[in-house]
Structure formats: structure tokens, C-alpha cells
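Since the structure comes first, as C-alpha cells, the remarks are kept for the end.
Quick caveat: nothing in here was measured; it's all calculated off a predicted structure.
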Amino acid sequence: MAFMRVAKSSTLALNEQSRALEAAGRRVYRFGFGESPFPPPQRVQLALREAAHRKDYTEVAGLPELRERIAAFHQEADGYPIQREQVLVAPGSKPLLYNIMRAFQAAEVYLPGPSWVSYAPQARLAGHEVIPIRTSFAGRWRLRPDALEQALSANEPSTRQKLLVLNYPGNPDGLTYSVDELRALTEVIRRHRLWVLSDEIYALLHHRARHVSLASLYPERTLVTTGLSKWCGAGGWRLGALILPPAAPTALVDALLGLGSETYSCAPAPIQVAALAAYELDEELHAFLAAQRRILRAIGAAVHAAIRETGCRVHAPQGGFYLLLDFSPCADALRRQGIDDDSQLCERLLADSGVALLPGGAFGLPGGSYTARLAYVDFAGEAALQEAENIEEKAASYAAKMLEGIEALGNWLRQLNSSR
């Protein structure tokens with residue numbers, strides 16, 4: 001019998017492998033899985049408990065009052081007009097991303113590398129051609145207008161729809177775009193009339209609260225995805241949202257609602273009710289977001305500094321909780337040990353030192369480039385929130401296990417470099 005071959009998500013697979021090693025008594029430094037260390041606000045947890053009796057199916061698009069609340073929330077947070085009719089709610093942003101892919105027929109999906117692990121598989125499952133666009137460490141892993149123009153020109157003439165996927169602040173690199181960089185990209189995007197899937201799930205965790213949504217610059221064809229998993233610490237609750245362009249084609253909206261009705265039906269009613277409390281952008285929530293940003297900025301800086309001491313190349317994070325490590329300065333030593341790509345690098349590193357990283361190849365980078373993603377979330381988020389005002393002084397303490405893991409990484413690399 002023949003079945004579709006779909007590999008398990010790399011992030012989920014590594015998380016399961018790390019848990020298994022810990023259960024066997026190994027000391028594991030879990031840098032692989034990007035789950036928020038912070039708990040949802042107490043008022044949001046209370047709202048979920050009080051809504052536990054809700055068992056009804058809602059509209060496929062979500063509760064009207066929640067869509068209204070999300071529109072107002074992101075209008076204030078991102079600074080561009082949004083109406084309730086532009087918002088669709090789903091059980092996580094992941095099915096929204098996939099259904100957006102499915103809503104297009106035989107499209108070209110332009111995917112800057114590195115990018116989140118699920119974009120390319122979802123595009124291929126939807127029957128699209130994936131066109132990777134290389135970026136570089138020297139270019140801060142950012143998509144450049146000339147690279148986008150070159151990729152588009154190389155695939156002309158074409159009658160297929162063109163969909164560009166952006167994610168910023170980025171997973172796996174923790175980097176973002178300035179408004180000037182976005183404006184320069186928008187010139188190319190608008191000239192070629194691209195659709196853009198702008199995954200802004202980490203927007204509210206920009207370390208300096210300076211995120212600029214592409215929809216504010218290119219409202220005509222930008223589809224923004226977001227949700228509760230990262231900024232609200234509610235990944236397992238599965239609540240995602242899509243913000244459509246104000247003049248989205250009726251056929252696109254109908255396709256998305258039809259796909260939703262045939263796959264997930266609706267987001268769970270209790271979670272939607274709890275999300276009403278989450279999407280109330282008042283002083284309490286502003287303080288919650290500001291505390292998270294301050295903590296992630298301080299701990300990210302401590303982890304970044306430690307990584308640089310190992311000899312790896314790495315850019316300082318600007319948002320979210322990731323770093324993309326470049327092991328290319330150690331390439332000769334790695335090859336002498338029979339380590340020919342980043343998958344072998346991460347396997348050996350985990351086996352020898354207990355350090356769990358995800359290979360760059362999972363994010364669309366060439367395996368031979370020796371890159372790997374590090375998620376710096378292994379700290380007590382709830383306790384850190386209580387000490388956010390003084391977190392700069394205590395960052396090393398909260399990051400102690402991660403810094404121990406980075407020391408183990410550095411020792412492993414030094415041993416490789418000393419072996420002949």
C-alpha cells in the first residue's frame with residue numbers, strides 16, 4: 001500500500017527525543033523547542049476556567065466579539081486600520097498558514113531561507129512549487145530586494161499566482177526588518193503584485209517594541225498571521241488569527257472558510273472566550289508584554305555573549321527567543337571528525353554533550369553550511385516576571401542552565417579543534 005510521505009516536524013521530533021533522553025537519566029540542555037517560558041496572564045487563565053462549560057460550535061470564522069476584539073487589539077498595537085470582517089480565528093495559526101497555501105491553486109511560493117520548518121512542507125502538500133531564496137550571515141539572514149527581484153525574474157514568464165512568505169521577528173534567527181528594509185522590499189513586492197503571507201506571531205515580542213507590520217505598508221495583498229502561542233504563553237491552547245487585506249477577494253475568503261469548515265470546524269469555544277480576556281489591550285497587558293520583552297532582551301543578551309565565546313558566529317537577537325548559530329569557523333575541525341553536515345553536527349553534539357540544537361537544514365539552509373538554531377527559553381518564566389524590573393542584574397542566574405549548556409558546547413568545540 002502507498003501512503004503520503006510526510007516527515008514529523010523537526011521541532012516536535014527533537015522535543016520528544018530530548019524528553020526521552022532526560023527520562024533515561026541524561027543531562028540534556030534543551031535548546032531545541034521554542035515554547036514560551038511564560039504563563040498566560042492570570043485573568044486569561046481564570047477566563048478559561050469560567051468558560052469550561054462552553055461546548056458549542058461557533059462560526060467557522062470565530063466568535064464575532066472575539067474577531068472584533070482582535071481587530072481593535074492589532075489596530076492599536078500595529079497602527080493600521082483593521083475591521084472585524086478581516087479577522088478569521090482558528091485552532092492555532094498553523095492550520096491557517098496551511099489553508100492559506102491551499103486556497104491558492106498551483107502557486108509559486110517564494111521562501112527566504114532560513115525560514116520556519118513548516119512553510120515548505122505545507123506549500124508542497126498544497127501542490128505548490130517552492131522557490132527558495134538564499135540569504136547569508138553577512139546579510140543578517142534578511143531577504144534583500146535584489147535577491148527577491150532576481151528570484152522572480154528567473155521564473156518569468158509565468159501565469160501562476162506568486163506568494164512570498166515572510167516571518168519576522170524570525171524563527172530561527174531572532175532577527176527582524178527595519179521600516180526602511182520593509183519599504184525597499186515593498187517596492188519589489190508591489191511591482192510584481194505578489195501576495196505576501198506575513199507570519200507575525202513574534203511581533204509583540206520585538207525586544208524594543210518596534211515591530212512594523214508589512215500590512216501597514218502593503219495593505220492590498222498582505223495576509224498577516226498571529227495568535228496566542230508566543231506573546232501570551234498559550235501555545236498548547238491553539239488559538240490563531242488571520243488578518244486579511246481590507247479588500248480581500250470574496251473567492252479567497254470563501255476558500256478559507258470552506259477549508260476551515262472541512263478541517264477544524266472552529267476553534268474551541270472555551271479558548272475563544274478566554275482569548276477575549278487576552279486581547280484586551282489595557283495597562284495590565286501592556287505591563288505583561290513589556291516585562292516579557294525586557295526579560296527576553298536581558299537573557300538573550302547573556303546567551304548571545306556566551307555563544308560568541310565558543311567561537312560560533314551569531315547575531316544578537318532582536319525579537320522572540322531564538323539565535324541562529326553559524327559553526328562555519330569550525331568547519332575544518334568538524335570535517336576531520338567525519339561531521340559533514342549540520343544534521344550530523346547536531347546528532348553528535350547531543351550524543352556527546354547533551355546539547356540539543358536543531359540543524360539549519362530543517363529551516364531550509366544548506367546542510368553543509370553548519371548552522372543550527374538555539375531557543376533560549378529554558379528558564380523560570382513565571383518567577384522572572386516577578387523580577388522583571390531588575391532582570392538585567394539577574395539574567396545570568398535565570399539563564400544558569402542554558403549558560404552551562406553553552407559551556408558544554410564550547411568545551412565540545414574546543415576538543416574538536418584540538419583533535420588531529
Side-chain angles (χ1 to χ4, degrees), residues 9-11 31-36 78 93-94 97 109-120 122-123 130 132-145 147-148 164-182 184-186 189 196-215 217 222-227 229-231 235 292-293 296-297 300-301 303-304 307 313-326 342 357-366 369 371-377:
S9 167
S10 300
T11 52
F31 293 119
F33 195 57
E35 182 176 354
S36 170
D78 296 322
S93 62
K94 203 170 193 176
L97 291 163
V109 177
Y110 290 82
L111 193 56
S115 61
W116 181 52
V117 295
S118 291
Y119 299 138
Q122 286 188 344
V130 176
I133 307 176
R134 291 286 302 276
T135 64
S136 67
F137 179 89
R140 294 181 54 258
W141 308 117
R142 298 299 82 196
L143 175 63
R144 301 300 180 187
L148 177 58
L164 170 66
V165 182
L166 289 180
N167 169 223
Y168 67 102
N171 176 3
D173 49 65
L175 302 175
T176 193
Y177 290 92
S178 70
V179 65
D180 290 339
E181 288 172 327
L182 289 173
L185 277 174
T186 300
I189 290 167
V196 183
L197 200 172
S198 188
D199 184 356
E200 302 180 21
I201 194 76
Y202 297 95
L204 292 165
L205 296 182
H206 186 298
H207 293 176
R208 300 287 179 181
R210 295 174 185 166
H211 177 79
V212 177
S213 175
L214 185 71
L217 303 174
T222 299
L223 302 114
V224 176
T225 54
T226 182
S229 61
K230 307 305 177 184
W231 68 264
Q292 289 185 84
R293 294 177 188 127
L296 291 172
R297 186 168 69 241
V303 171
H304 172 255
I307 287 291
R313 299 198 303 174
V314 61
H315 292 290
Q318 297 174 298
F321 32 69
Y322 303 111
L323 293 168
L324 185 58
L325 279 54
D326 177 5
D342 53 25
L357 301 176
L358 264 178
F363 302 93
L365 290 169
S369 63
T371 55
R373 189 195 76 175
L374 180 151
Y376 53 92
V377 293

Evaluate His315 against Leu324 for side chain to side chain contact (heavy atoms under 4.5 Å, CB included), listing each step before the verdict.
CA-CA 7 Å; His315 292 290; Leu324 185 58; over 6 Å; no
Within the 4.5 Å heavy-atom criterion, are Tyr177 and Leu214 side-chain neighbours or not?
no
Working to the nearest 0.5 angstrom, can you tell me the gap between Arg208 CZ and Arg297 CZ?
4.5 Å
Taking the six-membered ring for Trp, are His206 and Tyr168 closer than 6.0 Å centroid to centroid?
no
Rounded to the nearest 0.5 Å, how far does CZ of Arg210 lie from CD of Gln318?
10.0 Å
Separation between CG of Leu365 and CZ of Arg373, rounded to the nearest 0.5 Å
12.5 Å
Distance-minimising heavy-atom pair for Val109 and Ala123:
CG2-CB, 4.0 Å
Minimum heavy-atom distance between Pro169 and His211, given as atom pair plus value
CD-ND1, 3.9 Å
Mind listing the closest non-hydrogen atom pair of Ser229 and Ser36 along with its distance?
O-CB, 4.0 Å
Do Gln292 side-chain atoms and Leu205 backbone N/O form a donor-acceptor pair below 3.5 Å?
no
CG/Leu217 to CG/Leu182 distance, rounded to the nearest 0.5 angstrom?
6.0 Å
Atom pair CD1/CG of Ile201 and Asn171 - distance to nearest 0.5 Å:
10.5 Å
Closest heavy-atom contact between Val130 and Ala120?
CG2-O, 4.0 Å
Among Trp141, Phe137, Phe363, which residue satisfies the side chain to side chain contact (heavy atoms under 4.5 Å, CB included) criterion with Thr371?
Trp141
What are the two closest non-hydrogen atoms of Pro114 and Thr135, and how far apart are they?
CD-OG1, 3.4 Å
Indicate the atoms forming the closest heavy-atom contact of Val165 with Leu111, along with that distance.
CB-CD1, 3.8 Å
Heavy atoms of other groups near Arg144 CZ, more than 12 under 6.0 Å
yes
Would you say the side-chain atoms of Ser198 pair up with the backbone N or O of Leu223, donor to acceptor, closer than 3.5 Å?
no
Spell out, as yes or no, whether a donor-acceptor pair under 3.5 Å connects the side chain of Lys230 to the backbone of Phe321.
no
Assess whether side chain to side chain contact (heavy atoms under 4.5 Å, CB included) is satisfied between Arg142 and Asp173, documenting all intermediate values.
CA-CA 10 Å; Arg142 298 299 82 196; Asp173 49 65; 3.0 Å; yes
Would you indicate whether the side-chain heavy atoms of Pro366 and Arg134 approach each other to under 4.5 Å?
yes
Between OH on residue Tyr110 and CG on residue Leu148, distance to nearest 0.5 Å
8.5 Å
Verify, without hydrogens or angle tests, whether Arg313 (side chain) and Asp326 (backbone) share a donor-acceptor contact under 3.5 angstrom.
no
Are Leu143 and Leu164 side-chain neighbours, meaning at least one heavy-atom pair lies under 4.5 Å?
yes
Look only at the side chain of Arg293 and the backbone of Leu204, and say whether a donor-acceptor pair between them is shorter than 3.5 Å.
yes
Using only atom types and a distance under 3.5 Å, with no angle test, would you say the side chain of Asp342 pairs donor to acceptor with the backbone of Ala372?
no
Does Glu200 use its side chain to pair, donor to acceptor, with the backbone of Val224 at less than 3.5 Å?
no
